[in-house]
Amino acid sequence: MKLLYFAWVKQKAGIAEEDVTLPGEIRDVSGLISWLKTRGEGYEHAFADLAVIRCAVDQEHGDLDTPVAGAKEIAFFPPVTGG
Amino acid sequence: MKLLYFAWVKQKAGIAEEDVTLPGEIRDVSGLISWLKTRGEGYEHAFADLAVIRCAVDQEHGDLDTPVAGAKEIAFFPPVTGG
Amino acid sequence: MIRVQTEDFDIGAEVKALTSGRTDIGALVTFTGLVRDTNGGTVSSMELEHYPGMTEKELVRIEAEANERWPLQASLIIHRVGKLAPGDNIVLVVTASPHRQAAFDAAAFLMDYLKTQAPFWKREETGDKSYWVDARESDGEAAAKWDT
Amino acid sequence: MIRVQTEDFDIGAEVKALTSGRTDIGALVTFTGLVRDTNGGTVSSMELEHYPGMTEKELVRIEAEANERWPLQASLIIHRVGKLAPGDNIVLVVTASPHRQAAFDAAAFLMDYLKTQAPFWKREETGDKSYWVDARESDGEAAAKWDT
């Protein structure tokens, strides 16, 4: 599974993109974030306040409850500020 | 006093512009229209339905009650359709 | 700024003139009204009559009112008169503001007021007949909503 | 039609491309968002980051939703990415319809949805510091009003 990080989530996590194999017990985005936070300080820092974290599963907006099984690409980013 | 007519009011009245001296008893736009209607069939035709007549007194929107004393220019026209 | 003219206008050029050299504008809205062939090819031309003198006064008044209601950094109204063909531009309204809602609202307001208060009249020519366009009730309702 | 590009856009040329040869469009609205120097000369540049792939999908989805809600004859969204300076264009939205209210509403809707759903992020550089622009609560509220 490919993970992508954008804007300050990328800066705080210290990574733009990575390929990971998820432990089998991870069901949803919430579980994925908890697992990522065990992988290093950067992730802990990036995901410290989930109220300002947005995600997309296979390029569609998701939330903490969105299932991750079978997903090819999951992205994390702050609330968008384009336009 | 100058009277101006626009759009179909002009066509029905058969006149675009004229200079008139009003009888002293005419107080407002309503009185002016009544007087005009005595002056010929064209005016009668143009002012047959006052619901669709708009007027301006010295280039400012008025209505049937607007006083005409001292006015230099009074215009009659249909509801506007620009834009 | 207001203009009444027979010539066409160029949206891009008008916008550039309003914004060039400025860095304070965040949002710019333009509205263009065009001659629409309502009956599938039957309107051959349109004549825009107006009341010279009063037209300019009304446009200045309407623009001033928009500037009182919203914090506009620039505004422009151009209205054409004379003979126009289907597809031709009729009117251009431009509003600029730090924020988009003010720019959108002011442009819609300018059009609603212009449609009900500026002394222009359209005559459509269809084949060998010509008729004066009727005012639309919905335009009066659109303008009335700004009174609340 | 949607485009994500680093190059500037030309409002006049885009409008001409959408309307030329047509006589059925009565109303055309454009919205342009520009880089605004919010602190009087202190923003030296802005960087627009986006999520390639998802950005295009979201813009297509948002445009399709506007076309479902309003009878649009043409619509266009152009969003720039990369490095921009104060005064530069960021985004262009164009909507065309037989009637003006639909064109105004659809353009406002496109901007409200784009502001809250399209994956773009702004970073402002001010002198030697740079910071990510915070999302505005009012943008969420503006988008939410279309749900009713």
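The sequence lines fix the lettering, A, B, ..., with proteins before strands; numbering per chain opens at 1.
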Next on the checklist: If you count heavy-atom pairs within less than 4.5 Å of chain D, which of C:I11, C:D112, C:V93 leads?
Outcome noted: C:D112
Next on the checklist: Using heavy-atom distances under 4.5 Å, tell me whether D:E14 contacts chain C through its side chain, its backbone, both, or neither.
Outcome noted: neither
Next on the checklist: With a 3.5 Å distance limit and no angle check, can you tell me whether D:E124 reaches the backbone of D:V133 through a side-chain donor-acceptor pair?
Outcome noted: no
Checklist entry - Is it true that D:E141 and D:K145 make a salt bridge, defined as a side-chain N closer than 4.0 Å to a carboxylate O? => result no
Checklist entry - Do you know which of C:A107, C:G21, C:A103, C:S20 has the most heavy-atom pairs with chain D at a distance under 4.5 angstrom? => result C:A107
Checklist outcome for this item: Exactly one of D:L28, D:T19, D:I25, D:T95 clears side-chain contact (heavy atoms from CB on, under 4.5 Å) with D:Q73, and that residue is D:I25
Checklist entry - Could C:D10 and C:K16 be called an ion pair, given the rule that one side-chain N must be under 4.0 Å from one carboxylate O? => result no
Checklist entry - Okay, side chain of C:Q5, backbone of C:D8: is any donor-acceptor separation there less than 3.5 Å? => result yes
Checklist entry - Heavy-atom distance under 4.5 Å to chain D: side chain of C:V15, backbone, both or neither? => result side chain
Checklist entry - Is it true that C:K83 and C:D88 make a salt bridge, defined as a side-chain N closer than 4.0 Å to a carboxylate O? => result no
Next on the checklist: Between D:A85 and chain C, with a heavy-atom cut-off of 4.5 Å, which part of the residue counts as in contact: side chain, backbone, both or neither?
Outcome noted: neither
Next on the checklist: For D:R22, which atoms come within 4.5 Å of any heavy atom of chain C: side chain, backbone, both, or neither?
Outcome noted: backbone
Item to check | Leading residue by heavy atom contact count with chain D [cutoff under 4.5 Å; candidates C:A142, C:S138, C:P98] | outcome: C:P98
Next on the checklist: I'd like to know which of C:V29, C:L34, C:V94, C:I90 tops the heavy-atom pair count under 4.5 Å against chain D.
Outcome noted: C:L34
